[in-house]
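Structure record follows, encoded as structure tokens.
What you see is a predicted model; the values in this text were computed from it and never measured. The chains referred to below are lettered A, B, ... by the order of the sequence lines, with proteins before strands, and numbering in each begins at 1.
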Amino acid sequence: MAIVLEDVSKTYEVKGRKVEALKRLSLTVEEGEIFGIIGFSGAGKSTLLRLINLLEQPSSGSVSVNGTELGALSGEKLRTKRKKIGMIFQQFNLIESKTVYQNIEFVLKASKYEKKEVKSRIEELLALVGLSDKADSYPGNLSGGQKQRVGIARALANHPEVLLCDEATSALDPDTTKTILKLLKKINRELGITIVLITHEMEVIKEIADRVGVMTAGEIVEESDVYSIFSHPGHAVTKGFVQDIYDFSIPPHIQLNDNSDVITIKFLNENAEANYVNQLYRHFDCDISILNGRIEYIQDMPLGFLMLHVQGEAQEITRLKAFIDESKGIERAEIYAETI
Amino acid sequence: MQRLSEITPLLYRALLETTLMVSISIFFAVLIGLPLGILLYITANPLLFRIKPLNQVLGAITNVIRSFPFIILIVAIMPVATWLTNSSHGPVFASVALSIAAIPLFARLVETSFNGVGRGVIEASIAGGASLMLIITDVLIPEARRGITQGITLTIISIIAFSATAGVVGGGGIGDLAIRYGYYRYDTVTMIATVVALIIIVQLVQLIGDFLTRRQEGN
């Protein structure tokens, strides 16, 4: 168990009013996994992340990282522990007056890294993030993606066990986001570093997380592996996030009545690639047209959605629905947009 | 024209006195004002070293000194200045009061330029395990370099302006020359010459300051 939060609360005082940012929250992140926390702004995810390196102190409860209780640390010991917990930020937070090289050198200086090895360590890190040719550039002359690479190199400098990502790709364009996420995944797989990331984008979760926690109003309302979150979201907030990514909604011109219905089929795992639609056409006396369809690969497992417009005898439509319900590996999906 | 050549030695002497006063005062302003500015900043910042009572005391002292009209300050600290410099007049003597006036001014300018350093950079440094001392020397000061340079420029110009009053204690300097010859004796030529000299000096200081600031931007 890499990170264990037990019963943590965080209360701020804002103009004499108490604001509960975290409400008796417990969470365990396993060693070596990528754990994603998704939530809207104000859900408390940023506070939660900052408890893990004690940038914020919990009001109550305990936080431990790789067996060390953080609350018991202060001064030099806390600083030593923090070197083992890297962090990257949405706004990169590089020292603008220092070159890329000096930015990384700074954290090595902080950990009193063996002087002889500083140069080779920085070169190694720059090679890892693909910025070997930018050592002497200033952050002001780098693109967002390059800045985040420097941020990653800096966070990894002291061989951390854990990497915290604070909306690390939210300031980047979609293409750059993908390459940064790939880099993070590579770091996780090759260096075995546990990653905790917070985001408001389901796309990020889908791309790299192993497990995910959904946060709202200071609580984790749902926690599970990423595939289940996408295939069977439980909480209304989760459904909202999943719906966002599929963007399925019933076209307004379609009339819904006994002889005309919209059925969305969800294909799980290997069934996503099987040809059920053929059977529907063959066995049922209905007019079936496809409104929308998509297969997502989540952790390399396919998850398919197919939205069909079915017209015909009411009886036949009912039979078709029953067929879907009885078939293994496919199910009728709710259109989440309507449930929110 | 003849009058102008007559006052040249006077002007030259005054220029040396002003240079001496400004040099001594800016030296102490930076030496004491920079740490004071750092203290003012870190004792107010919850991420660094927040000690609210200490911050309030330091802030109050700074404000009190800055509230004094310079002429009153000069008179008020005369005994201290006499004890420190072992004299009762002259540019070195006047430098004590000038330094005391310049220290809180510079400290506040330093504090203001630190306030411009992003919270995120400080947070990242703490997350990286940096000590307070390292954050001050390697993050705050380099990040606020431009502001600090501008602060030094501004403080020097303020000291030059204050130094005109230094004549009260026989401090000398160009400002003093302007008041004694130009104002009291209705000596228009000297008055104009000194004012022109002051304008040139202030312009020069500002130009050099701007140049140094711009050079730091160049990266």
Greatest number of non-hydrogen atom pairs under 4.5 angstrom with chain B, of A:Gln90, A:Arg50, A:Lys84, falls to A:Arg50
Which answer fits [X], side chain, backbone, both or neither, if we ask what part of it has an atom under 4.5 Å from a heavy atom of chain B?
X: A:Ile95; answer: both
X: A:Phe106; answer: both
X: A:Leu94; answer: backbone
X: A:Lys81; answer: neither

Heavy atoms from other residues, nucleotides or ligands near [atom1] of [X] exceed 12 (cutoff 6.0 Å):
X: B:Phe68; atom1: CZ; answer: no
X: A:Glu117; atom1: CD; answer: yes
X: A:Asp133; atom1: CG; answer: yes
X: A:Glu6; atom1: CD; answer: no

Under 3.5 Å: donor-acceptor pair, side chain of A:Gln91, backbone of B:Gly120:
no
Under a 3.5 Å distance rule, please check whether B:Glu143 uses its side chain to pair with a backbone N or O of A:Glu96 as donor and acceptor.
yes
Which distance, rounded to the nearest 0.5 Å, do you find between the [atom1] of [X] and the [atom2] of [Y]?
X: B:Ile126; Y: A:Arg79; atom1: CD1; atom2: CZ; value: 10.5 Å
X: B:Ser131; Y: A:Lys109; atom1: OG; atom2: NZ; value: 10.5 Å
X: A:Leu55; Y: B:Glu123; atom1: CG; atom2: CD; value: 5.0 Å

Distance-minimising heavy-atom pair for [X] and [Y]:
X: A:Arg154; Y: B:Ala124; result: NH2-CB, 3.4 Å
X: A:Lys83; Y: B:Gly129; result: CE-O, 3.5 Å
X: B:Ala130; Y: A:Ala110; result: CA-CB, 3.7 Å

